[in-house]
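In what follows, a single structure is set out as structure tokens and then discussed.
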Amino acid sequence: MQITIIGASGYAGGELIRLLLAHQHTQINAATSRSLAGKNITSQHPHLMGLTDLRFTNPDISAIDCDIAFLAVPHTQAMEYVSPLLERGIKVIDLSADYRLLKEIYEETYGVVHTAYQEAPYGLCELHRNEIKEASLIANPGCFPTGATLAAAPLAKEASLVIYDSKSGVSGAGDNPSTTTHFPNVSDTLTAYKITTHRHLPEMRQELIKLGSRSACYFTPHLIPANRGILTTAHIILNEPMEQEEVLKRYHEFYKDEYFVRMQRPSLSYVRGSNFCDIMVEVQENRVVAVSAIDNLVKGAAGQAIQNMNIMCGYPEQTGLTQAGMSP
Ligand SMILES: NC(=O)c1ccc[n+]([C@@H]2O[C@H](COP(=O)([O-])OP(=O)(O)OC[C@H]3O[C@@H](n4cnc5c(N)ncnc54)[C@H](OP(=O)(O)O)[C@@H]3O)[C@@H](O)[C@H]2O)c1
């Protein structure tokens with residue numbers, strides 16, 4: 001498969017290159033960056049030195065010739081690429097938020113008019129595998145909604161309230177430096193941000209509804225002094241109390257065929273660099289506490305995008321994604 005990555009100089013794009021270089025069925029034929037066009041990829045991603053001779057190119061749609069294009073560009077920017085690529089028979093996996101929400105919810109959440117809206121399967125592979133198989137365009141999920149939704153999914157139907165409390169490493173904010181991500185503002189401290197207003201909340205709510213849930217849902221993100229990883233504590237208030245044994249049975253049953261979901265005590269270091277999502281659950285009366293850990297750049301972005309590609313292409317789902325986490 002010939003692959004083009006649009007937005008290859010960013011964190012998610014860099015991670016796509018790292019993972020795809022080890023994928024037995026893919027060859028990257030173009031990797032774009034407007035600001036670094038002509039420069040070697042290793043000028044931006046020195047950790048890939050010796051593994052690739054590719055140079056960044058400009059994202060000129062008429063010159064793109066591939067089987068699958070990954071869009072790793074900021075939200076509101078992906079929509080300009082999707083239709084022209086699809087019209088040329090190229091399958092598209094969009095890592096931005098542009099195709100994750102219903103049109104009116106997207107426009108309200110992101111404050112822009114969607115000029116090229118179309119429906120696309122939400123690429124949370126464990127929940128939407130059948131739709132993904134048939135699709136030409138995939139809306140790869142946000143990093144927070146991935147870990148959060150996987151934590152709550154087995155009990156979504158029985159819940160009356162779900163509260164997600166998430167801690168994220170700084171790479172979730174992308175490569176562009178800002179005051180929020182400036183080292184002295186992040187190191188040796190912990191902050192909550194966008195306490196009630198984070199743009200990933202509508203995605204989380206949308207997924208609960210698709211799971212048949214009528215639960216209310218709230219979300220507060222925190223920034224932690226780490227590069228990668230998201231640990232989410234999901235407080236799931238059930239309509240009726242449930243025994244610990246029954247809850248565990250539900251989770252094990254729900255994920256029994258899922259290679260990338262492991263039922264074990266989560267730690268960011270167990271999943272760092274890997275496509276795994278680790279989940280544990282404990283019960284207190286009618287409150288279930290489900291904790292999940294993912295790497296935001298792998299299961300939360302590039303890894304899940306490749307998992308989606310594997311499903312679309314009929315490859316075994318774990319192809320190119322069997323790396324263990326990097327612990328400690
Ligand atoms: N970071 C994460 O953990 C994470 C997780 C899940 C999803 N995502 C999503 O993935 C996307 C990329 O995130 P990121 O963290 O990698 O961002 P980033 O580090 O800021 O990288 C953005 C990339 O897009 C390119 N770009 C920007 N505007 C463009 C345009 N109009 N046309 C073509 N290329 C453009 C940039 O290069 P040039 O400006 O040089 O072209 C750069 O390569 C975002 O939509 C983000 O929300 C990120």
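Ligands are counted one by one from 1 in listed order, and the atoms in each one are counted from 1 as well.
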Inset, instruction - Please say whether more than 12 non-hydrogen atoms of neighbouring residues, nucleotides or ligands are located less than 6.0 Å from CD in Glu108. - result: no

Inset, instruction - Check whether any N or O atom of Gly7, backbone or side chain, sits under 3.5 Å from an N or O atom of ligand 1, and answer yes or no. - result: yes

Legend entry - Charged N-O contact under 4.0 Å between Arg214 and Glu158: no

Inset, instruction - Look at atom 12 (C) of ligand 1 and say which protein heavy atom is nearest, naming residue and atom and giving the distance to 0.1 Å. - result: Ala72 O, 3.2 Å

Inset, instruction - Tell me which protein heavy atom sits closest to atom 4 (C) of ligand 1, plus the residue, atom name and distance to 0.1 Å. - result: Ala301 CB, 4.2 Å

Inset, instruction - Take atom CD of Glu240 as the centre, draw a 6.0 Å sphere, and report whether it contains more than 12 heavy atoms from other residues, nucleotides or ligands. - result: no

Inset, instruction - Would you please say whether a donor-acceptor pair under 3.5 Å links the side chains of Gln307 and Asn275? - result: yes

Inset, instruction - Give yes or no for whether the N/O distance cutoff of 3.5 Å, strictly under, is met between Gly10 and ligand 1. - result: yes

Inset, instruction - Compute whether any side-chain donor of one residue and acceptor of the other, for Asn140 and Asp94, lie under 3.5 angstrom apart. - result: no

Inset, instruction - Compare all side-chain heavy atoms of Leu155 with those of Val247 and state whether any distance is below 4.5 angstrom. - result: yes

Legend entry - ligand 1 atoms in contact with Leu297 (distance to a heavy atom under 4.0 Å): 1 (N), 2 (C), 3 (O)

Inset, instruction - Take atom CZ of Arg88 as the centre, draw a 6.0 Å sphere, and report whether it contains more than 12 heavy atoms from other residues, nucleotides or ligands. - result: yes

Inset, instruction - For ligand 1, find out whether one of its N or O atoms is nearer than 3.5 Å to an N or O atom of Val73. - result: yes

Legend entry - Heavy atom of the protein closest to atom 15 (O) of ligand 1 (residue, atom name, distance): Gly174 CA, 3.1 Å

Inset, instruction - Using distance alone, decide if ligand 1 has a nitrogen or oxygen within less than 3.5 Å of any nitrogen or oxygen in Ser171. - result: yes

Inset, instruction - Could you check which of Arg34, Gln304, Gln44 puts a non-hydrogen atom nearest to atom 30 (C) of ligand 1? - result: Arg34

Legend entry - Which residue and heavy atom of the protein sit nearest atom 3 (O) of ligand 1, plus the separation: Asn296 ND2, 2.8 Å

Legend entry - Tyr81 N/O under 3.5 Å from ligand 1 N/O: yes

Inset, instruction - Say whether Glu80, considering both its backbone and side-chain N or O atoms, lies within less than 3.5 Å of an N or O atom on ligand 1. - result: no

Legend entry - Element-labelled atoms of ligand 1 that are located less than 4.0 Å from some non-hydrogen atom of Ala8: 43 (O)

Inset, instruction - Give the numbers and elements of all ligand 1 atoms closer than 4.0 Å to a heavy atom of His75. - result: 45 (O)

Legend entry - Ring centroid separation Phe276 to Tyr259 under 6.0 Å: yes

Inset, instruction - May I ask you to check whether Asn310 and His25 show a side-chain donor-acceptor distance below 3.5 Å? - result: no

Inset, instruction - State the atoms of ligand 1, each with its element, that fall below the 4.0 Å cut-off from a heavy-atom position in Gly300. - result: 5 (C), 6 (C)

Inset, instruction - May I ask you to identify, for Ala97, whether its side chain, its backbone, both or neither come under 4.0 Å of ligand 1 on a heavy-atom basis? - result: neither

Inset, instruction - Under 4.0 Å from a heavy atom of Asp175: give me the atoms of ligand 1 that qualify, with their elements. - result: 18 (P), 19 (O), 20 (O)

Inset, instruction - Indicate whether any N or O donor in one side chain lies under 3.5 Å from an N or O acceptor in the other, for Asn296 and Ser171. - result: yes

Inset, instruction - List the closest protein heavy-atom neighbour of atom 16 (O) of ligand 1: residue, atom name, distance to the nearest 0.1 Å. - result: Ala12 N, 2.8 Å

Inset, instruction - For atom 47 (O) of ligand 1, decide whether some protein heavy-atom distance is shorter than 4.0 Å. - result: no

Legend entry - Side chains of Leu127 and Thr149 in contact at under 4.5 Å (non-hydrogen atoms): yes

Inset, instruction - Considering heavy atoms of the protein only, find what lies nearest to atom 40 (O) of ligand 1 and give residue, atom and distance to 0.1 Å. - result: Ser35 OG, 2.5 Å

Inset, instruction - Report yes or no: does a heavy atom of Gly142 sit under 4.0 Å from some atom of ligand 1? - result: no

Legend entry - Pair Gln44, Ser33: side-chain N/O donor-acceptor within cut-off below 3.5 Å: no

Legend entry - Selected option - heavy-atom contact closest to atom 9 (C) of ligand 1, from Thr76, Leu16, Ile6, Leu95: Leu95

Inset, instruction - Starting from atom 31 (N) of ligand 1, find the nearest protein heavy-atom neighbour and note its residue, name and distance. - result: Gln77 OE1, 2.8 Å

Let me check something: any side-chain donor-acceptor pairs from residues 187-198 under 3.5 Å, sequence neighbours excluded? List them with distances.
residue	atom	partner	partner atom	Å
Ser187	OG	Phe183	O	3.4
His198	ND1	His200	N	3.0

Inset, instruction - Compute the shortest N/O to N/O distance between Pro141 and ligand 1 and return yes if it is under 3.5 Å, no if not. - result: no

Inset, instruction - Compute both the distance and the angle, then confirm whether Arg205 meets the cation-pi test with Tyr218: under 6.0 Å from the six-membered ring centre, within 45 degrees of the axis. - result: yes

Inset, instruction - Kindly say whether the aromatic ring centers of His235 and Tyr164 come within a distance under 6.0 Å. - result: no

Inset, instruction - For atom 36 (C) of ligand 1, find the nearest protein heavy atom and state the residue, atom name and distance (0.1 Å precision). - result: Ser9 OG, 3.9 Å

